[in-house]
A.B. asks: 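Following this message is one structure expressed as structure tokens.
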Amino acid sequence: MKQRSKTLYIVILAAILAAYYLIWGIYLAKLGYFNKEELFLIEKAKIVFEGVGNRLKVMGLTSPLLPFYGSFIFTGVSYTLAPIMASAFGTGILFYLVCSTLIKRTSDEFYVIVILLLFLFHPGLLYVGASGKSTYMVLIFFYLFFLNIFKFYGSNTTFHVSVSSICLVILIFCDYKFVWLTLFFIPLVLSISIHTLNLGEKESIFRLFLSFNNPSLRRKLINKSMAIFIILFVLPLASILIYKMLNLTHANDLNYFIDSPYSNWSVLAEKIDYSTLQDTVNHRLPEISILISARVIIFFPLILLAFYLFRDNTYQILTLLTPFFFIEFLKIKYAKVFIAQQYYIIFLILALLCIVTKIRTVRNEGTFKLVLILMISLSIYTGYVMLDTSAIVEERNFVSSLLHKKVIDSQEEVKNVANYINSLPSTSHVLLDDAIAYPIASFAKDVRSLTLPYQDDYLSAIEAPQKYDRYVLIANNKNAANSYTELNLKYVALYKAANSNVSLRKVFESDNWILYQIL
């Protein structure tokens, strides 16, 4: 098969795969499955395209930024389906990238079929493609980043380091936590520099010994390390600095995009999930430092095959260890946050990258194919076990919806509140805080009927809502997020005490929300 025909073949498979994910995503949405990030992006997109007032801060400071923009492409079809469509087509692109790397190294269609089966049935990849989360973009640029690092090892051309730097920038703007990946690149940069030295020794440890004991080589090593460090890190650091200055200019806070619940859905979601789940999570492999790497190997055994393929390459083994150091660091840095699926699934993508780049070196191809099939089958099984036993409700909810058609964390209450608001007269305005009520705002038909924190009148509306709104949405004491908003029952008591001539009438109540009419 010619290269052009192979490429067309992969494009068709990727398109079919994207449609497959889209069908699953639509089915799960009709079943009632939604996740917090998806609802957050829907609400922010509605504000950008339909909101009233200064929307510049919402447009520029919503995080994760690039996945937010990625969903814009599909908002013309449907706000609700936009994140699902973005994740479905994005995961199809990821499949194309993996297979396009593969077909340049082998003409055996067996490997394409095996990778396709993995993308079809692995629950982690189904979660990426059908959930509407931004993980698809993280995986795309994680893959491209390490692909270009491996290309540099093969060609010794710093162009690939430059491309890796660009991919790292985009990766950070897909998920800011990946900025911590740079901490573990100092030994990697040293490894790369040693690799570029023209020495007779093949192993990095002997190259390092020779370099430090020879003044000329030591100077060359330092110069090369600094040059690669600048190429790899200057662009990411400069981009982060510029973006932080943008946050300071428009929000008076350098870290607004990672600290504010109005900008980042995970600020409150992760805290609430941890506080509500830590006492109920039992009989699961614990998420503690050191054991995180054990979880990776147990749930993604395919990574062991990657280490085997690179067993003779010290610097590449060091490269493979970098994400392990990264995920261990995340557990230490964010001790009161459960590590989400997207930080584990990167190891599956890294394993695929290693397999497709080293496929030429396989000697006993029959045995390798058998081991590959067994490893992938095991990975699919352990993938289901991982999601089903996850400490994060959204991940267990996905598997439950997928396998049992049972949504364990339904948004029915949120929809009921939103439907009542939608039934109000068009002239009625509702005051609500989308730091915690963004799911309700995402289901609202007309976001212009809501008074939200991005608007200049919001603070004035809190002080004197009767001048701006006819209704106010309150989080009651059963709501796990009631302490993270001013619009709670304490606000109602203070408002009644300060405004004796104005009364509040309860018109709708659910388990977690109360809607008051201002009289």
Side-chain angles (χ1 to χ4, degrees), residues 34-48 51 54-72 82-83 86-87 131-138 141 169-181 236 239-276 330 333-343 392-395 432-442 447 452-455 458 475 480-481 483-486:
F34 292 92
N35 60 72
K36 294 181 178 67
E37 182 179 2
E38 177 186 5
L39 295 174
F40 186 82
L41 294 181
I42 291 170
E43 190 245 357
K44 297 305 178 186
K46 283 187 174 182
I47 290 175
V48 170
N54 183 9
R55 293 161 284 170
L56 185 62
K57 187 162 72 172
V58 176
M59 185 183 298
L61 303 184
T62 296
S63 182
L65 185 65
L66 295 182
F68 178 46
Y69 290 159
S71 66
F72 276 12
S87 64
S131 66
K133 292 179 72 69
S134 62
T135 312
Y136 73 95
M137 197 173 286
V138 170
F141 290 99
V169 171
I170 300 174
L171 181 61
I172 291 170
F173 279 92
C174 293
D175 185 342
Y176 185 74
K177 286 182 180 178
F178 278 92
V179 73
W180 303 114
L181 188 63
S239 300
I240 292 169
L241 178 60
I242 292 170
Y243 192 60
K244 287 201 171 193
M245 293 304 297
L246 183 67
N247 278 258
L248 182 63
T249 301
H250 292 280
N252 296 317
D253 183 1
L254 283 170
N255 295 318
Y256 177 82
F257 69 105
I258 52 175
D259 290 341
S260 172
Y262 299 111
S263 176
N264 195 321
W265 68 274
S266 65
V267 172
L268 293 183
E270 291 178 343
K271 291 179 181 178
I272 294 170
D273 282 349
Y274 187 84
S275 62
T276 56
L330 286 185
K333 172 68 177 176
Y334 306 98
K336 294 186 177 181
V337 172
F338 291 116
I339 295 180
Q341 171 76 5
Q342 69 187 59
Y343 301 108
I392 300 174
V393 174
E394 284 184 357
E395 296 176 2
L432 62 82
D433 184 1
D434 65 348
I436 65 169
Y438 61 85
I440 295 171
S442 70
V447 75
L452 299 170
Y454 80 91
Q455 296 170 313
Y458 180 74
S483 61
Y484 296 101
T485 178
E486 292 183 344

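Values below: all heavy atoms of this structure, side chains included; hydrogens, waters and symmetry mates excluded. Count residues from 1 along the sequence.
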A.B. asks: What are the two closest heavy atoms between Ile47 and Arg55, and how far apart are they?
C.D. replies: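 Smallest heavy-atom distance, with atoms named: O-CD, 2.8 Å.
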A.B. asks: With a 4.5 Å heavy-atom cut-off, do Ser260 and Val267 have their side chains touching?
C.D. replies: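 Ser260 vs Val267: side chains apart.
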A.B. asks: Can you name the ring-ring contact (aromatic ring centres under 6.0 Å, His included) partners of Phe34, sequence neighbours left out?
C.D. replies: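 With sequence neighbours excluded, Phe34 shows a ring-ring contact (aromatic ring centres under 6.0 Å, His included) to Phe443, given in chain and number order.
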A.B. asks: Under the side-chain contact (heavy atoms from CB on, under 4.5 Å) rule, collect the residues that match up with Asn255, sequence neighbours excluded.
C.D. replies: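 Asn255 satisfies side-chain contact (heavy atoms from CB on, under 4.5 Å) with Lys244, Asp253, Ile258, Asp259 once adjacent residues are dropped.
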A.B. asks: Verify side chain to side chain contact (heavy atoms under 4.5 Å, CB included) between Asn264 and Phe257, making sure each step is shown before the conclusion.
C.D. replies: CA-CA 6 Å; Asn264 195 321; Phe257 69 105; 5.9 Å; no
A.B. asks: Do you know the tightest heavy-atom contact between Tyr136 and Gly70?
C.D. replies: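 Taking every non-hydrogen atom into account, OH-CA, 4.3 Å.
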A.B. asks: Can you confirm whether Met245 sits close enough to Leu254 that some side-chain heavy atom of one is under 4.5 Å from a side-chain heavy atom of the other?
C.D. replies: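 Yes, close enough: below the 4.5 Å cut-off.
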A.B. asks: Consider side-chain contact (heavy atoms from CB on, under 4.5 Å). Of Thr62, Ile440, Leu452, which one does Glu43 pass it with?
C.D. replies: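 Of the listed residues Thr62, Ile440, Leu452, the side-chain contact (heavy atoms from CB on, under 4.5 Å) partner of Glu43 is Leu452.
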A.B. asks: Which heavy atom of Ile392 sits nearest to which heavy atom of Ala340, and what is that distance?
C.D. replies: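 Looks like CD1-CA, 3.6 Å.
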A.B. asks: Output yes when a side-chain donor or acceptor of Lys44 lies under 3.5 Å from a complementary backbone atom of Val58, and no otherwise.
C.D. replies: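 No; zero donor-acceptor contacts below 3.5 Å.
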A.B. asks: Testing the basics here: between Ser71 and Ala82, what is the closest heavy-atom pair and its distance to 0.1 Å?
C.D. replies: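 Nearest heavy atoms, Ser71 then Ala82: O-CB, 3.5 Å.
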A.B. asks: Please step through side chain to side chain contact (heavy atoms under 4.5 Å, CB included) for the pair Phe173 and Ile170, ending with a clear verdict.
C.D. replies: CA-CA 5 Å; Phe173 279 92; Ile170 300 174; 5.8 Å; no
A.B. asks: Can you name the ring-ring contact (aromatic ring centres under 6.0 Å, His included) partners of Phe72, sequence neighbours left out?
C.D. replies: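 Applying ring-ring contact (aromatic ring centres under 6.0 Å, His included) to Phe72 gives Phe49, Phe68, Tyr69.
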A.B. asks: With rounding to the nearest 0.5 angstrom, report the CD to CG distance, Gln342 to Asp175.
C.D. replies: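 One gets 5.0 Å once the value is rounded to the nearest 0.5 Å.
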A.B. asks: Sequence neighbours excluded, which residues qualify as side-chain hydrogen bond (donor to acceptor under 3.5 Å, both in side chains) partners of Ser239?
C.D. replies: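 Scan of Ser239 (side-chain hydrogen bond (donor to acceptor under 3.5 Å, both in side chains), adjacent residues dropped) gives none.
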A.B. asks: Suppose we screen for side-chain contact (heavy atoms from CB on, under 4.5 Å). Which residues come up paired with Thr485, at least two apart in sequence or across chains?
C.D. replies: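 Thr485 satisfies side-chain contact (heavy atoms from CB on, under 4.5 Å) with Asp433, Ile436, Ala475, Leu487 only.
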A.B. asks: Restricting to side-chain contact (heavy atoms from CB on, under 4.5 Å), what partner residues turn up for Lys36, sequence neighbours left out?
C.D. replies: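 Once residues adjacent in sequence are excluded, the partners of Lys36 under the side-chain contact (heavy atoms from CB on, under 4.5 Å) criterion are Trp265, Ala269, Asp273, Glu394, Tyr438.
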A.B. asks: How would you list, by chain and number, every residue that makes a side-chain contact (heavy atoms from CB on, under 4.5 Å) with Pro439, sequence neighbours excluded?
C.D. replies: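 side-chain contact (heavy atoms from CB on, under 4.5 Å) check on Pro439 returns Leu39, Gln411, Val414.
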A.B. asks: Considering residues at least two apart in sequence or located in another chain, which fulfil the salt bridge (charged side-chain N to carboxylate O under 4.0 Å, His left out) criterion with Glu37?
C.D. replies: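 Per chain and number, Glu37 pairs via salt bridge (charged side-chain N to carboxylate O under 4.0 Å, His left out) with Lys133.
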A.B. asks: Can you name the closest pair of heavy atoms from Leu246 and Gly60 and give their distance?
C.D. replies: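 Scanning both residues, the minimum pair turns out to be CD2-O, 4.4 Å.
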A.B. asks: Applying ring-ring contact (aromatic ring centres under 6.0 Å, His included), name anything that partners Tyr484, two or more places apart in sequence or on another chain.
C.D. replies: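 With neighbours one apart ignored, the set is empty.
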A.B. asks: Within the structure provided, determine whether Tyr243 and Leu61 are in side-chain contact (heavy-atom separation under 4.5 Å).
C.D. replies: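 Result yes, sub-4.5 Å side-chain heavy-atom pair found.
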A.B. asks: Do Tyr343 and Phe178 have ring centres separated by under 6.0 Å?
C.D. replies: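 For Tyr343 and Phe178, the ring centres are under 6.0 Å apart.
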A.B. asks: Using atom types as modelled and distance alone, determine if a side-chain donor or acceptor of Glu395 lies under 3.5 Å from a backbone N or O of Gln341.
C.D. replies: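 Such a contact is found between Glu395 side chain and Gln341 backbone.
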A.B. asks: How would you list, by chain and number, every residue that makes a side-chain hydrogen bond (donor to acceptor under 3.5 Å, both in side chains) with Lys177, sequence neighbours excluded?
C.D. replies: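 For Lys177, the residues satisfying side-chain hydrogen bond (donor to acceptor under 3.5 Å, both in side chains) (neighbours in sequence not counted) are Glu270.
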A.B. asks: Strictly distance-based, threshold 3.5 Å: is any side-chain N or O of Asn35 a donor or acceptor partner for the main-chain N or O of Ser131?
C.D. replies: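 The answer is yes, because a donor-acceptor pair under 3.5 Å joins these two groups.
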A.B. asks: Tell me, please, which residues at least two apart from Phe141 pass ring-ring contact (aromatic ring centres under 6.0 Å, His included).
C.D. replies: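 Checked Phe141 against ring-ring contact (aromatic ring centres under 6.0 Å, His included); zero matches.
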A.B. asks: Could you work out, with side-chain hydrogen bond (donor to acceptor under 3.5 Å, both in side chains) as the rule, every residue matching Asn247, not counting sequence neighbours?
C.D. replies: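 Applying side-chain hydrogen bond (donor to acceptor under 3.5 Å, both in side chains) to Asn247 gives none.
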A.B. asks: Would you say Cys174 and Val138 make side-chain contact, with heavy atoms under 4.5 Å?
C.D. replies: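 Yes - at least one pair of side-chain heavy atoms lies under 4.5 Å apart.
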A.B. asks: Considering non-hydrogen atoms only, spot the tightest contact between Gly51 and Tyr454 and give its length.
C.D. replies: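 Shortest heavy-atom separation between Gly51 and Tyr454 comes out as CA-OH, 3.4 Å.
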